[in-house]
Amino acid sequence: MTHSLAPTWALGLAAMALCALPSAGLAQTPNTEPSGETPFTSMAIARDEADACRVPKPPADLAETTYLRNGYRAILRILIAEEALASENCTCLLDQFTWDQAITALPRFQTSDNPRLPFNVLELYAQADALEADVIEGCAK
């Protein structure tokens, strides 16, 4: 049984040809003329109110890999949600926590001795999501 790669090769060639064609509708020059009526700050995209208390992406120097940084982010989310539940506080507690606290809490969440995979990020995210849902539910009452 032999399979021909000709149909796949032809599709790839057709896709490359389409990419090489100039797009009249997409090749517009942006308008750089200042209108005088729009303040500069209106150009910035404002964060949603719900995003204002969302744990940001960790800094690149926090850990060597994205996997580790995502784990520390989940740990910080868990710590914040636990504090909110314990204190019955419905205000944003993000400014009361640091990345160092997430690193210090690692032993509590560690599931492996492998330094490159010390925890299960998916489990940490599920735990953080559940705790944050509990906070939202408690604050809605």
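- Applying the side-chain contact (heavy atoms from CB on, under 4.5 Å) criterion to T91, with sequence neighbours excluded, gives N89, L93.
- Listed by first and then second residue, the disulfide bond (SG atoms under 2.5 Å apart) pairs that reach into residues 61-135 are C53-C92, C90-C139, sequence neighbours excluded.
- The shortest non-hydrogen separation linking I75 to A102 is CG2-O, 3.7 Å.
- Among residues two or more places apart in sequence or in another chain, the side chain to side chain donor-acceptor pair (under 3.5 Å) test is passed with T104 by none.
- Aromatic rings from F119 and Y72 are positioned such that their centres are separated by under 6.0 Å.
- The two residues A74 and L124 have their closest heavy-atom pair at CB-CB, 3.6 Å.
- Between V135 and A84, the shortest heavy-atom distance links the atoms CG2-CB, 4.0 Å.
- Connection of L122 to I78 is not established within any shared hydrophobic cluster, with ILVMFWY side chains joined at heavy-atom distances below 4.5 Å, either directly or through further cluster members.
- Considering only residues two or more places apart in sequence or on other chains, Y67 meets the side chain to side chain donor-acceptor pair (under 3.5 Å) condition with none of them.
- Partners of Q110 by side-chain contact (heavy atoms from CB on, under 4.5 Å), not counting sequence neighbours, listed by chain and number: L106, D113, P118.
- Taking A133 as the reference, nothing meets the side-chain contact (heavy atoms from CB on, under 4.5 Å) condition, with sequence neighbours excluded.
- Using a 4.5 Å cut-off on side-chain heavy atoms (C-beta onward), L68 and P58 make no contact.
- Applying the salt bridge (charged side-chain N to carboxylate O under 4.0 Å, His left out) test to pairs two or more places apart or on separate chains, those with a residue in residues 59-68 are E64-R116.
- The closest side-chain heavy-atom distance from L62 to I103 is below 4.5 Å.
- Every pair passing salt bridge (charged side-chain N to carboxylate O under 4.0 Å, His left out) that includes a residue from residues 97-110 is listed here, sequence neighbours excluded: E82-R108.
- Under a hydrophobic clustering in which Ile, Leu, Val, Met, Phe, Trp and Tyr are joined whenever their side-chain heavy atoms come within less than 4.5 Å, directly or via other members, L131 and L94 fall into the same cluster.
- For residues 76-106, no pair satisfies ring-ring contact (aromatic ring centres under 6.0 Å, His included), with sequence neighbours left out.
- Applying the side chain to side chain donor-acceptor pair (under 3.5 Å) test to pairs two or more places apart or on separate chains, those with a residue in residues 131-141 are R77-E132.
- The shortest non-hydrogen separation linking T111 to N120 is OG1-N, 3.7 Å.
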